[in-house]
Structures are given as structure tokens and as C-alpha cells.
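The structure under discussion appears below in the form of C-alpha cells.
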Amino acid sequence: MTDDRAKVSVNGSCLCGAVKFEASTAPRRVTHCHCTMCRRAVGAAVATFATFESDKVRWIGKLARYDSSEAAWRGFCSRCGTSLCFGFNPRPERIYVTIGAFDDPDAFPAGFHDYRDSKIEWLHLDEHLPDASDFKPSRK
Ligand SMILES: [Zn+2]
Ligand SMILES: [Zn+2]
């Protein structure tokens with residue numbers, strides 16, 4: 001499998017700065033997730049995640065974990081509460097980092113929607129983007 005993504009350093013942190021991350025590549029993709037669980041987990045109208053290979057992301061500081069279901073967990077800062085990532089147990093080789101925690105989210109625009117059926121009706125965002133489920137199996 002070819003990987004032509006440039007070697008870059010992608011950085012971000014929680015609100016208080018106690019937890020930071022550093023990725024050694026650009027994300028594979030950025031996806032707006034509209035599912036109820038992600039929405040609650042981040043406390044926003046939509047949860048936008050950048051997908052990375054887990055081994056390309058280094059966490060600095062203590063990432064707290066909450067098991068949100070049998071299949072998934074959420075990573076956050078236990079000091080300020082910032083939601084930092086989503087992990088899907090059947091795919092431990094991937095990590096989904098919240099785009100809002102990025103130092104430069106403008107560099108990585110979203111490319112997909114997930115669970116558009118659950119989208120808040122008044123939210124109008126990147127309507128032209130395709131559904132991620134057309135490209136991969138559902139991760140719920
Ligand atoms: Zn924090
Ligand atoms: Zn979701």
C-alpha cells in the first residue's frame with residue numbers, strides 16, 4: 001500500500017495544555033460524525049475527527065480514558081475535560097483525534113460525513129461531502 005502523505009508534524013492540545021499530541025503524518029481523513037454518542041462525548045453539534053494510524057500519534061501528558069461502549073473508548077483531559085480522541089477496539093491500529101484540539105485545524109478540511117441520519121436538522125455543514133459509510137464498513 002502506498003502512502004504519499006508528506007512527513008509533517010501535526011500538533012494539538014487540550015484546553016489547559018496538560019495533554020498534547022504530536023502526529024508524524026497528516027491524517028488519513030477527516031470526518032464529521034453525527035452519531036449521538038460522539039455528539040455527547042464532545043458536547044458539540046457535530047464531532048469532527050481526524051483519522052491517524054495509532055502508532056503515528058504520540059500523547060504527551062496523561063490521556064484519560066472512558067469506555068463509552070463495549071466497542072469504543074473516548075480519550076480526554078481529566079483536568080480540563082477536553083475531548084481528545086475516539087478509539088474503536090476492533091481497530092486498535094487507528095485513532096480518531098478531535099479536530100477542535102488541533103493547533104491548525106484549517107490545514108485538514110473534512111472530507112466525509114458519518115451517521116448523517118442522526119444529524120441535527122438545523123446544522124448545515126459541508127453538505128456536499130460524501131458519506132464515509134460508502135467507503136468503509138460502519139465502525140459502530
Ligand atoms: Zn486539559
Ligand atoms: Zn460517532
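Just follow the structure's listing: the first ligand is 1, and inside any ligand the first atom is 1. Quick caveat: nothing in here was measured; it's all calculated off a predicted structure.
- Looking only at side-chain heavy atoms (C-beta outward), Phe49 and Cys38 come within less than 4.5 Å of each other.
- Not a single N/O/S atom of His34, whether from backbone or side chain, sits less than 2.8 Å from the Zn ion (ligand 2).
- Seen from the Zn ion (ligand 1), atom SG on Cys16 and atom SG on Cys77 lie at an angle near 110° (rounded to 10 degrees).
- With the Zn ion (ligand 2) as the vertex, atom SG of Cys33 and atom SG of Cys35 span an angle of 120° (nearest 10 degrees).
- Side-chain contact, Ser68 with Arg74: a donor N or O sits under 3.5 Å from an acceptor N or O.
- Proximity of Asn11 to Phe21: side-chain heavy atoms (C-beta onward) are nowhere separated by under 4.5 Å.
- To the nearest 10 degrees, the Zn ion (ligand 1) sees SG of Cys14 and SG of Cys80 at an angle of 110°.
- At least one side-chain heavy atom of Val97 sits under 4.5 Å from a side-chain heavy atom of Phe102.
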